[in-house]
Amino acid sequence: MKITVSPAAQKWYQNNLELKPGDGLHFYGKVYGRTNVHFGFSLAFVKQKPQHPYYQAVYQEISYYFDEEDIWFFTGYDLQIDYDADYDGPTYTFVDEEPE
């Protein structure tokens, strides 16, 4: 269960959400929608400094994380976040979790 964020996606978040060092993005599952592996649930995020993250990836002093109550949504998967220039926004792909 890990999150990777491409440099292009990091830049998009920083520019569009005005992220600065010390900020965080909390990712979680929400009812309705879908991902490439979830039906009836989609990925959401909120700009929020982490308090007690279960998992976090830090890029340029910005935390991309999920909390313990979000484990159900990420179990068995790694989340890869990239940027799509045609769409001008981030893309989210869940892949089978890589063993550590």
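All heavy atoms count here, side chains included; hydrogens, waters and symmetry mates do not.
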Under 3.5 Å, which donor-acceptor pairs do the side chains of residues 38-47 form with other protein atoms, sequence neighbours left out?
from: H38; atom 1: ND1; to: T35; atom 2: OG1; distance (Å): 2.7
from: H38; atom 1: NE2; to: F73; atom 2: O; distance (Å): 2.9
from: S42; atom 1: OG; to: Y32; atom 2: O; distance (Å): 2.9
from: K47; atom 1: NZ; to: L17; atom 2: O; distance (Å): 3.0
from: K47; atom 1: NZ; to: E18; atom 2: O; distance (Å): 3.4

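To the nearest 0.5 angstrom, I81 atom CD1 is 8.5 Å from F94 atom CZ. Taking CD of Q48 as the reference point, atom CG of L25 lies at 10.0 Å (rounded to 0.5 Å). Atom CG of D88 sits about 6.5 Å away from atom CG of N16, to the nearest 0.5 Å. Here the OG-CZ distance, from S63 to F27, works out to 11.0 Å after rounding to the nearest 0.5 Å. Distance check, rounded to the nearest 0.5 Å: CG of L19 to CH2 of W12 gives 9.5 Å.
For the residue pair S6/D82, the side-chain donor-acceptor check at 3.5 Å is satisfied.
Note on Y28 and Y54: separate hydrophobic clusters, where clusters join Ile, Leu, Val, Met, Phe, Trp and Tyr whose side-chain heavy atoms are under 4.5 Å apart, directly or indirectly. Criterion: ILVMFWY side-chain heavy atoms under 4.5 Å apart, direct or through other members. Under it, Y77 and I71 are part of a common hydrophobic cluster.
Panel note: side chain E97, backbone M1; a donor-acceptor pair is recorded below 3.5 Å. The main-chain N or O of V5 is found under 3.5 Å from a side-chain atom of Q10 such that the two form a donor-acceptor pair.
L79 places none of its side-chain heavy atoms less than 4.5 Å from the side chain of K2. Side-chain contact between T91 and Y83 is absent, with no heavy-atom pair separated by less than 4.5 Å. Proximity of H52 to D67: side-chain heavy atoms (C-beta onward) are nowhere separated by under 4.5 Å.
A search for ring pair (Phe, Tyr, Trp, His ring centres under 6.0 Å) contacts involving Y64 returns Y13, Y59, not counting sequence neighbours. Applying the ring pair (Phe, Tyr, Trp, His ring centres under 6.0 Å) test to Y92 and every residue at least two apart in sequence or in another chain returns nothing.
Taking the six-membered ring for Trp and thresholds of 30 and 60 degrees, F66 and F74 have nearly parallel ring planes, at less than 30 degrees apart.
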